[in-house]
Amino acid sequence: MKRIFFLFFYLFFWLFPLEVKAEVSVEQEVQQMKDQFMSMQKRLSELEGKVIKQQEEINAHASQKQAYEERIQVLEKQLTGPSVTAAGDSQPQRRILGKWNPEIGVVADTVFRIDSPKVDEEGADRVSVRELELILGSHVDPYSRLDATIAFSDFETPSLEEAYLTHFGLPAQVTARLGKFKPKVGKAIPVHRDSLETVDEPLVIQRYFGVEGYNKSGVDFSKMLNLPWPVTHQLSFGILEGGNGEEGTAFGETRRRPTLYSHLKNYLDVTDTTGIELGLSHMIGSRDADSHFEIQVFGVDGTFTQHLNVNQNFKLQGELFSLDRKETADFDGNIWGAYAQADFKFHPQWSAGFRYDYVQPVDNDRSLNPEKADVGYTGYLTFHQSEFARWRAQFSHTDLITGRDNNEILIQGTFAIGEHKHKIQ
Amino acid sequence: MKIKNPLFIFPFLFVCFFLPSRPADAGNKVLKIVATQTLFADLVRQVGGDMVDVTAVAAPKFNIHFYQPKPSDVRNVSRCDLYVNAGLDLEAWSDPLLEAAGKRELFRHGPRNLDLSSGVRLLKIPQEPLSRAAGDVHVFGNPHYQMNPQNARIMVEQILAKLQEIDAPNAAYYKNNARHFLTRLEEKIGEWKKHCAHFAGEEIVSYHDDIVYFADFLGLKVEQYLEPKPGIPPTPKHLAFLENYIKEHTVKVIVMPTYYSRKEAEKIAKKVGIKVVSLCQAVGEMPGTGDFFSFFDYNINAVSQGVQ
C-alpha cells in the first residue's frame, strides 16, 4: 500500500510539475514561434525589397540593352546599308562668314619707273601708287551678281573702272552683263592689269584701245556653244558706248555712236597639260557723232599653254588687230598692230618672259610712211613672294616712229588683301 | 574682199545665241557629273557605277589650291547635271568656274551643287581673328578632310542621297553600290588600323598642313611643318629650327605632297638621318593609285615604311 501510495505520490509529484512545466513551455514556444514569425516576416519583407530592387535593376539593364541594341542596329545600318538621307551639318561650331557683306578686296599696284624722256609724266622717275583697286562683288539674288571696281591713284582722280550686273541662266543658257565692264575681245583686254604677265598693257592695246585697257558701258551676252566635238567654243557679242579708253585711237571720241563687238573663243585640250586657244574678234564703231560704223577692227588671238610639271609652265600668246578706218580717199587701207609674248614659270616662285610689240600708229601720215611702226621689246622677271604679293622688274625698249627711242625700267609690287578671285576668261 | 555692210553679222549672232541648247543628257540617260578632284570623282563612280559619266576638273598632277580652270572645264561644268566639290575654301577657283559656266542650279547652295564637307567633323577651325600674317589660313577649318578614309562614309552617304534624289528610278542600284563600297571600306579601315597600330603615337613632320586628317586617322602626331606658316615657302631660319626639333623629338619621317620640291626636306633628312616620304593628294597621282582604296594603300604603306 505504501508502495502504491509512494508511487502515486511520486507520479503526482512528477506529473504535476510536468503539467506546470508543460504549460510554461507552450507559452514560450508560442512566443518563440511569434518571434520567429515576425523575424521571418521581416526577412520576407527584406527579400521582397531585394527582389523589387533587383527587378528594377533588371528592368534598367533591359532598357539599357534595348538602347544598345537600337544603337547597334543604327551602326550596322550605317556600315552595311546606308541611309537614304545624307548626314546633315552637325557641326554648330562652323564659321558663318560675312553675313550680308559683299566680298571686298583691295589690290595695290605700286610702280617705280625710270624712263628716258625728260617730260614730267605721270609716275615718271619716282615711286607711285599707280592704282589701288577697291573690288566689291556679291550675288544680288539667285539670278544675278553685281561686281564693281573703283580705282584710286596718287596721280589721277578716282574712277569707276567697272560696275556691272551679271545675269545668269537666261534662255538657252545665255549669260548677260549690263553696266561698265571689260568686253571679251581677245586676251589682254578682258583681264585686269594685275593679271597681266607684264607691268603694262601690250603696245597695240595701249595705242588702239587705251593705256589702261578698254572698259566701256553697255550690254553683252555670252554663251558656251554645245557642239558635239571636243573643241570648246564660246560666243560673245555686245553693244558698247562709243569712244576709246584713255589715249586710245581706234575709234573717235564720241560716246553717242555705239561700238558693237563680237568674239568667238575656240579652245582645245591637246593633253591634260597642253592647251591651244584661237580667238576671232570683230568690232565696229564710228569716228565721230556724224558718222556711222565706218571703223572696223578685226582681231585674232592665239595662246599655247604647256604645263611641264606642277611648278613649271610655259605660255606663248599673241594678238593681232587690224583697223579698217576708211580715212580718206587717198588712204582707204588698213593699219595693224600685234604683240607676241612668251612667259616661262620655271620655279614655284619665279617666272620670266619677253614681249615683242609692233604697232602702226593711227595718226601717222601714211602717205609718207606707209610701213612705219612703233616697235617694242620688253623683258621681265617676276618673283611671287606669296599668293597675295608679287614683285616684278621689267625693261622696255621702244623704237618710235618719230625716230626717238624710249627706254624704261619698271619695278612693280602688286599686293592683294581681302577677297580677290579672278574671273575665268 | 570688201564687206559692204558689216552689221549683217549681229542679227546672225543674235539668232545663234538663242537657239535652244542641246540638253546635257539628250540621247543619253547617264548622269553627267563633274567633280573638282579625282578622289571625289572616284567616290561618285563607286556609287553611280554605269549610270554616271564622271569627269574631274583638276588632273591629279596639279595642286588643287592653285589650279587654273580652262575653257574646257567651263564647258564640262555648263553641260553637267551635278557638281561635286569639297566646299569650304579648298578650291578657291570653284565659284568663278561656276559663274563662268552660268548654270544657276550648280552654284554654291544650289540643288545640283553637292558640297561633300557637310557633316564632316572639321579640324583646326580658326578661333582667333583671321589675318594673312598667319599665312594662307583656311577660314572654315582645314579643308583636306578627304585624307581621312573614315570621312568617306559621310561623303558616300551624301553622294548616294543626291543620286537617289536626282535619279530616283535607279535609287536601288545606287544603294546597292554604296553598300558594297561601305562594306569594303569597313574591312579596309580595320586592315589599315591593324597595319599601322605599331607606330601610333609617333611624331612626324609634314611639308604643308594637309596631313592633319590622315595623321588623325593613323594616330600620328604632327606639330611642325616645313612651311613656317601655311602657304609660305620654307626659310633657312625655320629649317635650322626644324633640324634641332627633329633631333630633340626623335621624329622619324618627313612627309610631303608630290608637287612640292623635295630639296629642303631631303637636306634636313640627310643631316638628321631620317626619311622623306611623298604622299598622294589625289587618286591617280602615282602609278597604282587609280582608285580610293589603292590611293590609301599607297599612302599608308609609304608612311609605314618611312616610320620603320
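In what follows, chains are A, B, ... by sequence order, proteins preceding strands, each numbered from 1.
Proximity to chain A involves both the backbone and the side chain of B:Asn63, based on heavy atoms less than 4.5 angstrom apart. Looking at A:His307, the atoms closer than 4.5 Å to chain B (heavy atoms on both sides) all sit in the side chain, from C-beta outward. Only the side chain of A:His139 comes within contact range of chain B, with heavy atoms under 4.5 Å apart. Neither the backbone nor the side chain of B:Phe181 comes within contact range of chain A, judged by heavy atoms closer than 4.5 Å. If you measure heavy-atom distances from B:Phe62 to chain A, the contacts under 4.5 Å come from both the backbone and the side chain. Using a 4.5 Å cut-off between heavy atoms, B:Leu97 contacts chain A through both its backbone and its side chain. For A:Phe388, the part sitting under 4.5 Å from any heavy atom of chain B is the side chain, from C-beta outward, and nothing else. Within the 4.5 angstrom heavy-atom criterion, only backbone atoms of A:Pro142 (N, CA, C, O) approach chain B. Looking at B:Arg132, the atoms closer than 4.5 Å to chain A (heavy atoms on both sides) all sit in the side chain, from C-beta outward.
Within residues 267-274 of chain A, the residues having any heavy atom closer than 4.5 Å to a heavy atom of chain B are A:Tyr267, A:Asp269, A:Asp272, A:Thr273, listed by residue number.
What you find for B:Tyr259 and A:Asn311 is that their closest heavy atoms are O-ND2, 2.8 Å.
In this structure, CG in B:Leu88 is found 6.0 Å from OH in B:Tyr145, a value given to the nearest 0.5 Å.
Under 3.5 Å, the side chains of B:Thr36 and B:Tyr67 contain no donor-acceptor pair of N or O atoms.
By the side chain to side chain contact (heavy atoms under 4.5 Å, CB included) test, B:Ala100 pairs with A:Ile424, B:Val74, sequence neighbours left out. Annotation: salt bridge (charged side-chain N to carboxylate O under 4.0 Å, His left out) contacts of B:Glu165 (sequence neighbours excluded): B:Lys162. Partners of B:Asp95 according to the salt bridge (charged side-chain N to carboxylate O under 4.0 Å, His left out) rule, which considers only residues two or more places apart in sequence or in another chain, are A:Lys421, B:Arg108.
Counting heavy atoms of neighbouring residues, nucleotides and ligands inside a 6.0 Å radius, atom CD of B:Gln68 does not exceed 12 of them.
A salt bridge between A:Glu277 and B:Lys70 is absent, with no side-chain N of the basic residue lying under 4.0 Å from a carboxylate O of the acidic one. The residues A:Arg145 and A:Asp147 are annotated as salt-bridged, a charged nitrogen and a carboxylate oxygen being separated by less than 4.0 angstrom. The existence of a salt bridge linking A:Arg287 and A:Glu294 is confirmed by a sub-4.0 Å separation between a basic side-chain nitrogen and an acidic carboxylate oxygen.
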